[in-house]
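Each chain gets a letter, A, B and so on, in the order its sequence line appears, and its residues count up from 1. Reckoned from all heavy atoms, side chains included, excluding hydrogens, waters and symmetry mates.
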Protein chains: 2
Amino acid sequence: MGLVIQKFGGTSVSNVEKIQNVANRVIEEKNKGNDCIVVVSAMGKSTDQLVGLAKEISTAPNKREMDMLLTTGEQITISLLAMALSEKGYPAVSLTGWQAGIKTEPVHGNARIVDIDTTRLKKELSEGMIVIVAGFQGITEDGAISTLGRGGSDTTAVALAVALKADKCDIYTDVNGVYTTDPRFVKGARKLSSVSYDEMLELAHLGAGVLHPRAVEFAKNYNIPLEVRSSSERESGTIIKEEVNMEQNLIVRGIAFEDEITRVTVVGLPNSLTGLSVIFSELANNHINVDIIIQNTLAEQSTNLSFSIKNDDLEGTIKVLENVREQLKYSRIESETGLAKVSIVGSGMVSNPGVAAEMFDVLAANGILVKMVSTSEIKVSTVIEQDKMLKAIEALHSAFNLSGAPIES
Amino acid sequence: MGLVIQKFGGTSVSNVEKIQNVANRVIEEKNKGNDCIVVVSAMGKSTDQLVGLAKEISTAPNKREMDMLLTTGEQITISLLAMALSEKGYPAVSLTGWQAGIKTEPVHGNARIVDIDTTRLKKELSEGMIVIVAGFQGITEDGAISTLGRGGSDTTAVALAVALKADKCDIYTDVNGVYTTDPRFVKGARKLSSVSYDEMLELAHLGAGVLHPRAVEFAKNYNIPLEVRSSSERESGTIIKEEVNMEQNLIVRGIAFEDEITRVTVVGLPNSLTGLSVIFSELANNHINVDIIIQNTLAEQSTNLSFSIKNDDLEGTIKVLENVREQLKYSRIESETGLAKVSIVGSGMVSNPGVAAEMFDVLAANGILVKMVSTSEIKVSTVIEQDKMLKAIEALHSAFNLSGAPIES
């Protein structure tokens, strides 16, 4: 008995049959006597199709209109799921982001949730309705439809769990848990029974793809345990929570990766106190996420600054840099696309200084040139050529003993 | 200089290329110095695809959820058109029904507009924006998304023209005007340069398909002249207005038709004062539109009552009738699907009593059995087998001298 939030991703609702399956999973929770809120994404590849339409019209579509466009995807899923539940005799009501009271900052494409007005949600629950909420979307103060960015449905689910003090927040996906690396790409990948928020954060940030980083942060801040589990199988998944029994002898817990990376280099940037701050403030103001940043200030008049972004942000980044050219007086911009990031992650890494060196050894032995490196307490990231990404993952997965029997921590 | 409402139907926005074309038509009006509001439908067959998804889930999908589902179609079009205009350097903003202030009665699937709060629309226009409004949709008092029924985008356009006292309301479609019958089906069909509201009303009601009847009613009540014209060609279309120069020698002005008709017969209905009222009130309460009604009360204890509905409403109709069975004590319900309605329309008909007889002659000569008949001052409707519909239209079009040179009234 309690309030359960269930989130189903795009692959779990990619056709009517799968939506029926989701309805059955929801009914199972309802029949246990729980109040149920279900958050769903757009069906399968429908978001990509909508993006494709917009790209036919503009290489950089108006962001407000992009949100207007993309939010239709979740609206389709919520209505179909509510119909399926009604048809099975379980009263359900679908709510768009604005109807569910999900308020965001006045940003398009990557807005943060600022508040959830739970009045409507509580009213529907009190009437025994199963409430289906469109993930990924909200409304700005002046009534515009906004989106939380790709993967934002996870954030919607966790934010609802926080706002309504849910007893459980289950993230259903097409894999049955969090793996040592993405099992869709690496056959030897193994399931972890639990991971810490921080490990998950690194894994999610680095493209493991099962859970959106902002959702993990949100869950960590409010200490909401999440379970990542399969929408098609019944077995338990991976629990993400604060305390995890670590396997001391498994230093690297997972290999994360992300493709479509571009490296941008600002060549001949005069040494100054404010240069970096100007560039990265302006990029942030334009909602361009920068990942790895590398700068070595040598004893010269000027320096080269490199950073990595998603391919899609290259055009925007160049615009930003050109706007500050006169102010910063750098000589030119270089960029290299076709790159990928591969990272090793594990909480045990902090006390094992040789791990990074081992990673570079493995990559070198496989003829893979490392173009950028970034390290933190629990991860080492490298940027390499995208067409060598898979080779790198497989080599690292094997070298760090991640292949083999399921990992029960 | 003034305010122009332009409405583009689904076939005019069925792909990105056509949306670009619509953007150009809008820019032409804007460049004349006009304020522009553009109402668009869902892209091509997208509404049918959404209906198909819903029907996979339920034979009678929840109507609130159906509205939630279908309104995504127009939302996609408005965002793409706004993007296209922005890309061409014309600031545009898209508004869903609720954002545009279109308030409807609390009904799903076939709601009427009760009010338009024009604050937002006026604000955007005053800032020089081209405003793109999602047709077909509105919002109920309690915040649910509602729809105006199929073809409701026409109603949206006319309602906006009324609310904002527009100078012009152009309905762009895939034909270049109103024809003597649907030119997609009958090669000899000819364009009319103008028709009266009443004639258009009969033509629209009867399925000519270029303009929604509620929109014509609306325009008639507020005396807003409409122009039906082609979205791909530049020539002028058909003007719908109060006064039309009639060609006295052309009694029948058009042939209208509608398929997917079902005839329902209530057999053995005891004669009573309230029987008819009970049945049709209940059907109306359930938002089932009844078209032709036939009853002959003979000198017997009971009678047979027949009426025609759309095929889709059969299930709902039978439910309604079964609910009143105990009260009305009729013996059984019969129904026949696979029917079509074919009608002749013309204001001159009222003074020419032989027209109906001539119609029956033509049908009989072509071996077409008339199953129901209904007449008014300006039309005669017959219900026949659907697979003989096209044959009937062609025979009537030819018999009433509608084929030939363009009709310039």
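Under 3.5 Å, the side chains of E87(A) and T59(B) contain no donor-acceptor pair of N or O atoms.
Atom CD1 of I78(B) sits about 10.0 Å away from atom CG of L69(A), to the nearest 0.5 Å. Between the CG atom of N62(B) and the CG atom of L80(A) there is a distance of 11.5 Å, given to the nearest 0.5 Å. Between L53(A) atom CG and N15(B) atom CG the span is 9.5 Å, to the nearest 0.5 Å. The distance from the CG atom of L85(B) to the CD1 atom of I57(A) is 9.5 Å, given to the nearest 0.5 Å.
For K55(B), the NZ atom counts as densely surrounded, since its 6.0 Å shell holds more than 12 non-hydrogen atoms of other residues, nucleotides or ligands. The number of heavy atoms from other shown groups lying within 6.0 Å of CD (E141(A)) does not exceed 12.
For a residue to count as touching a neighbouring chain, one of its non-hydrogen atoms must lie under 4.5 Å from one of that chain's; by this rule A23(A) does not touch chain B. Contact annotation for Q99(B): only side-chain heavy atoms (C-beta onward) come within less than 4.5 Å of a heavy atom of chain A. Using a 4.5 Å cut-off between heavy atoms, S94(A) touches chain B through backbone and side chain atoms alike.
Interface summary for chain B: among A84(A), A82(A), S79(A), the most heavy-atom pairs under 4.5 angstrom belong to S79(A). Contacts with chain A were tallied for R120(B), R64(B), Q20(B); R64(B) has the most, counting heavy-atom pairs under 4.5 Å. Contacts with chain B were tallied for M83(A), K88(A), E17(A); M83(A) has the most, counting heavy-atom pairs under 4.5 Å.
By the 4.5 Å heavy-atom criterion applied to side chains, M68(A) and L95(B) are not counted as neighbours.
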Quick one, T96(A) with I145(B), criterion side-chain contact (heavy atoms from CB on, under 4.5 Å). Give me CA distance, side-chain angles, the key distance, then yes/no. CA-CA 10 Å; T96(A) 61; I145(B) 295 172; 4.3 Å; yes
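Of the possible donor and acceptor atoms, none in the side chain of E65(B) sits under 3.5 Å from a partner among the backbone N and O of V93(A).
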